[in-house]
Structures are given as C-alpha cells and as structure tokens.
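Accompanying notes for the structure given below.
Here is how names work: the chains are called A, B, and so on, in the same order as the sequence lines, proteins then strands, and each is numbered from 1.
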There are 2 protein chains.
Amino acid sequence: MTTEEKILGAAEAEMLERGYDGARMRSIAEKAEINKGLLHYYFKTKETLLVAVFQKTFQQIFKTLDEVFQSEMPLFEKVEKAVAEYSDFMIKHPKLPFFIISEMNRDAMKHNQRMLKAEVKPPFSTLFQEFEKGKKSGLIDPNFKPEHFMLNMMGLILFPFIARPMVMFMHKMNQSEYKQLLNDRKKLVAEILINDIKAK
Amino acid sequence: MTTEEKILGAAEAEMLERGYDGARMRSIAEKAEINKGLLHYYFKTKETLLVAVFQKTFQQIFKTLDEVFQSEMPLFEKVEKAVAEYSDFMIKHPKLPFFIISEMNRDAMKHNQRMLKAEVKPPFSTLFQEFEKGKKSGLIDPNFKPEHFMLNMMGLILFPFIARPMVMFMHKMNQSEYKQLLNDRKKLVAEILINDIKAK
DNA sequence: GTCTATAACAGGATAGAC
DNA sequence: GTCTATCCTGTTATAGAC
C-alpha cells in the first residue's frame, strides 16, 4: 500500500465521518500514520484532497446500479435486483450517500463542473428505453413517469441511511432493530416500485 | 423586531445555508446588522446559537404532519392531505430537511438528549392506531408494516429537497423544471403510499 | 520522500469603553 | 445594550533539514 493510497483512505474516512468543513488535516495525517507536511506533498491543499475523495465516492454511488441496469434480465426482476444490490452496497458503505449529498449541497457548482469534465453519466438511458418498450407492450402503466422512478428508488432506499440518527430517534430503535429494518426494506421497496410502474 | 430576533433570524439563514461548521459568526453579525461582540452578549457561544436554531427548525419539521394527522378525516384522505401539505411546507422551506439531517449526523447524541429533555415527540401515535383499526376493518393490508410508512413518506417527499443539486444534475434540469417536478410529485407520492397500505 | 518547525491567518471568544 | 479592539487557539500551508 503506497503512501498516497494510505492518505486517500484516511482522507475518505475522515471526510465521510465529519464532512469537508469538519475534517481536519491533522486527523487525516494521524489516520494515515504520516505527518502533516507529507500530506501537502501529495495533495497540495485540503480542497485537492476533497476532489480525489469526491470523485472516488461519486463513481461508486452509481456503479452498482449501472451494472444491474446493463445486465440482461426481465424488467421487474431487474428492479428487484437493483434494489437489493443497492441496499446491500449501502449497508456496507452507509456514510457514502450522506457525504455525496452533503458535498453537493455545499458547493454544487464546482462539483457539477468536475463531473461534467470527467464525463460522469448517471446510468439511466438503458433503463429509460426499457420503460418505453414496456409501455408499448402493455407491461407498464402508460401514465408512469420515468423521471420519477430514480427519485422514488433513491428516496426509498437512501433516506434511512441519510437520516439514520433521526430514524433511530423517531422510532426509539437500537442498532440491531435498525439493521433489521434495513434488511426488511429490500423486499418492501422493490414491491412498491414495481407496483407503481406495473400496468393496472 | 428585537435584536435577539434579528440575530436568531440571521443565524438560521446562515446555518441553513452553510451548516454549523461552515457558518461564520462574522456573517451572522453582518446579516443581523450588528457587530460580533453583541452576538456573544445574546448568545454566549456559537453552540448556544445552534441549539436555538435547531430547536426552532426541528419542531417545524413535524408540526405540519402532526396537525394533519390529528385532524378528523378518512385515513386515505389524511395521507393525501399530509403529503400535499408537507410538500408545500418544504417548497417554502427547502433547506430545512437537509439542515436537520445534517446536524443530527454531526452530533446525534447531543441532539437526542436535547429533544428528549424538551419532550419532543414525533407525531405517529394517533396515525399508528388508525392503521391498526384499518387492518381490523379490512381497509388496510394486514401485512402492511406501520414502521415503514413514515420512512416511505419522508423518503419520497424529502429526498428531492435534500438531494436537490444531485437531482438537478442527474436529470439536467433547470430551476423551473425542478419546481414542476416537485409539484407533480405531490399526487404521485400520495398514490404510491395509499396503494401500498390499501388491502389488495 | 519524509520529517520538524514555523509561518500565516482565520475564527470564536473576551475586555472594557461608552 | 452596543461598540471597538484584542486575545488566543486551532488550522492550513510552507520552508528547509535530512
């Protein structure tokens, strides 16, 4: 493991934990087990470090979905699989969605420009084409609006991760009840989404 | 308008815009058109100021829902009304949900203690009782899990606000397209929620 | 490449005059 | 209550030895 990788890993941990403003270069150096000076040798500024962390995490957040959507599979199964895999991924990386959203709220313009430059494309085109086909074949409700599908899916899946402390407080949950809830939702969310797009 | 009110208003604007870590006491003083010293006369520390802002905003975030849930109305109409009013409230205060969630992610323990001390109770009890009644009368699917209802509702309604920059980027939307989307969702979200709880 | 030391500055908080 | 001036700490960033 190179020094650069150690730094990037430490920076990711620190920034996902405390956000950009809350992150401390000192903590990052400690986590990476190097000194502060060396940080600036590899990454000139804190901002530079953020860009690296943001790009890495942003790509991850759509990768799972992309893979499932690209695969050959009946549409409803695809939705079911996407929900399950996306949920599982988030259970493994629970801080990721809040970090991305948080960063984009902090400075959307800069991040947009970066993503456009890196030609980052959220992976809907194949899916949206399938929706159109589904409408013609009568599988899908003709009134169904594709632009809302991603919002529904992300909202239903990601909200419990983004708002974990609030959710646990509201329902007076402990850690294991919360985990159980996340697991239960995989099936429930898929049902809701499929029900919504299915021809009535 | 008293000086204290001016400060609180300015602090709310600044903290909702930049978050606690990003907020600057200097900016708050400028917004309130007073000097920094006076800030500390009214609110000893930045943390004190945050507590005031957090409590004010946290109560708001459940007030609308509470009012609708307490009212006399058939269950499904109640859901429909709750979604519409909650959405309208968020359209008026779009930064509120992200701020609350952000703060709780930053320091959930402290905020939990504060809310427990202030006896803040998220307003579900009446609604959950109605769900039970509905199950017995056959109106509601017996497999429906009440603990997921609030999550579904909040996720579906709040996600577009919390993740606005990401949503706009993903779908290449401009401001007015985004507003249109928010309005369209009022009806769609209510349909999804009702469909999910209705006996099949 | 890696370290120590330090510069340079920003930010929250306080003191004290009025 | 309101202001100005200032302290003090913590933070990013740089210089320079090894």
_I'd like to know if Glu14(B) pairs up with Arg18(B) as an ion pair, taking the criterion as any Lys NZ or Arg NE/NH1/NH2 lying under 4.0 Å from an Asp or Glu carboxylate oxygen._
yes
*asked:* Strictly below 4.0 Å, N to O, side chains only: are Arg106(B) and Glu103(B) in salt-bridge contact?
replied: yes
*Using atom CE of Met25(A) as one end and atom P of dT12(D) as the other, report the distance to the nearest whole Å.*
6 Å
*asked:* Filter on ring pair (Phe, Tyr, Trp, His ring centres under 6.0 Å), then keep only pairs touching residues 155-175 of chain B, sequence neighbours left out; what's left?
replied: Phe124(A)-His171(B)
*side chain to side chain contact (heavy atoms under 4.5 Å, CB included) with Asn152(B): which of Met150(B), Met154(B), His148(B)?*
His148(B)
*Could you state the CZ-C1' distance from Arg24(A) to dA13(D), rounded to the nearest angstrom?*
14 Å
*Base, sugar-phosphate alone, or nothing: which one does Ala29(B) contact when heavy atoms must sit under 4.0 Å apart?*
nothing
*Starting at atom CD of Glu14(A), determine the distance to atom P of dT11(D), rounded to an integer number of angstrom.*
10 Å
*Spell out, yes or no, whether Met15(B) and Val51(B) are grouped together once hydrophobic residues are joined by side-chain heavy atoms under 4.5 Å, including indirect joins.*
no
_Phe58(B): partners by ring-ring contact (aromatic ring centres under 6.0 Å, His included), with sequence neighbours left out_ = Phe54(B), Phe62(B)
*In terms of side-chain geometry, is the basic nitrogen of Arg114(A) or Glu47(A) positioned less than 4.0 Å from the acidic oxygen of its partner?*
yes
*Test: Glu80(A) and Lys186(A) ion pair at under 4.0 Å*: no
*asked:* Give me each pair satisfying side-chain hydrogen bond (donor to acceptor under 3.5 Å, both in side chains) with a member in residues 189-200 of chain A, each pair once, sequence neighbours excluded.
replied: Asp141(A)-Lys200(A)
_Contact interval (first through last nucleotide) of DNA chain C with protein chain A, 4.0 Å heavy-atom_ = dG1(C) to dT4(C)
*Heavy-atom contacts under 4.0 Å between residues 41-49 of chain A and DNA chain C, which residues?*
Tyr41(A), Tyr42(A)
Please enumerate all protein N or O atoms sitting under 3.5 Å from an N or O of nucleotides 4-8 of chain D, with distances to 0.1 Å.
none

*asked:* Between Glu17(A) and Lys95(A), does any side-chain N to carboxylate O distance fall below 4.0 Å?
replied: yes
